[in-house]
Amino acid sequence: MKKDRRKIRLALFIVFGVLVSLVAPFLIGGNSGTSSEQVVQIPTSTEIGPVLSEEENAASTTSLPFTVETEPPNKAPQISIQGPSCFIYNTDAPESFNVTLVVEDPDEDLVTLDLSYSIGERTIDLTNEIDISENLSTPLKKEVSINLEAGIEEKWILLLSHATDPEGSKSEAASIVTLSDTQC
């Protein structure tokens, strides 16, 4: 039984060797014993199917039973907070500091702004500090004075602002302000 398997393996090995020796010259691309250079030309453009003129192409378009939108119909306003990254904070009598809310809306919609700061789990709403916060034309820059409360023990606050257009598209901006007792 083992001898039969060996004979079959040997026969397969010989057949494989003969096939490789016959096919190898064609795969390598040359004749055995001679060397020649072949120049392969690669087509510069490929066309698939018939080429239609602009008139034929316009006539062959099919209308769809629905509208395909390439861009969303309403884009969200863009907002950023510009202000200090560090503030000298006196826990007994804190001074105020200013930030600027910069808003643009690509759709030129009117926007509504809000502003707050967070300390740990607590959030303090500062929207009333914005002179006018509703129905604002863009682009705009709104300067807001931030009055921190006394007794903040944390070393930083998180400023958070939103710009919302009438259709409900909203964007958010955040800024961390480090509170220092000596210098920034």
Just list the side-chain donor-acceptor pairs under 3.5 Å for residues 177-184, sequence neighbours left out, or say none.
| residue | atom | partner | partner atom | Å |
| --- | --- | --- | --- | --- |
| S180 | OG | T182 | N | 3.4 |
| S180 | OG | Q183 | N | 3.4 |
| S180 | OG | Q183 | O | 2.8 |

(request) If a pair satisfies salt bridge (Lys or Arg N to Asp or Glu O under 4.0 Å) and one of its residues is in residues 124-133, list it, with sequence neighbours excluded. (result) none
(message) So I124 and L126, do their side chains get closer than 4.5 Å, heavy atoms only?
(response) yes
(request) For residues 148-161, pull every pair meeting salt bridge (Lys or Arg N to Asp or Glu O under 4.0 Å), keeping only residues two or more places apart or in separate chains. (result) R122-E149
(request) Please check if I132 and V102 belong to a single hydrophobic cluster, counting links between Ile, Leu, Val, Met, Phe, Trp and Tyr side chain heavy atoms closer than 4.5 Å. (result) no
(request) Just grab all the side chain to side chain donor-acceptor pair (under 3.5 Å) pairs involving residues 163-177, residues at least two apart or on different chains. (result) N74-D165, N74-E167, N74-S169, H162-E172
(message) When you measure from the side chain of Y117 to the backbone of I176, do you find a donor-acceptor pair of N or O atoms at a distance under 3.5 Å?
(response) no
(message) Checking S137 now: which residues fulfil side-chain hydrogen bond (donor to acceptor under 3.5 Å, both in side chains) with it, not counting sequence neighbours?
(response) none
(message) If the condition is side-chain hydrogen bond (donor to acceptor under 3.5 Å, both in side chains), which residues does T100 pass it with, not counting sequence neighbours?
(response) none
(request) Check whether any side-chain heavy atom of V103 sits under 4.5 Å from a side-chain heavy atom of S161, and report yes or no. (result) no
(message) With a 3.5 Å distance limit and no angle check, can you tell me whether D114 reaches the backbone of T127 through a side-chain donor-acceptor pair?
(response) no
(request) Answer yes or no: is there a side-chain heavy-atom contact under 4.5 Å between L136 and T112? (result) no
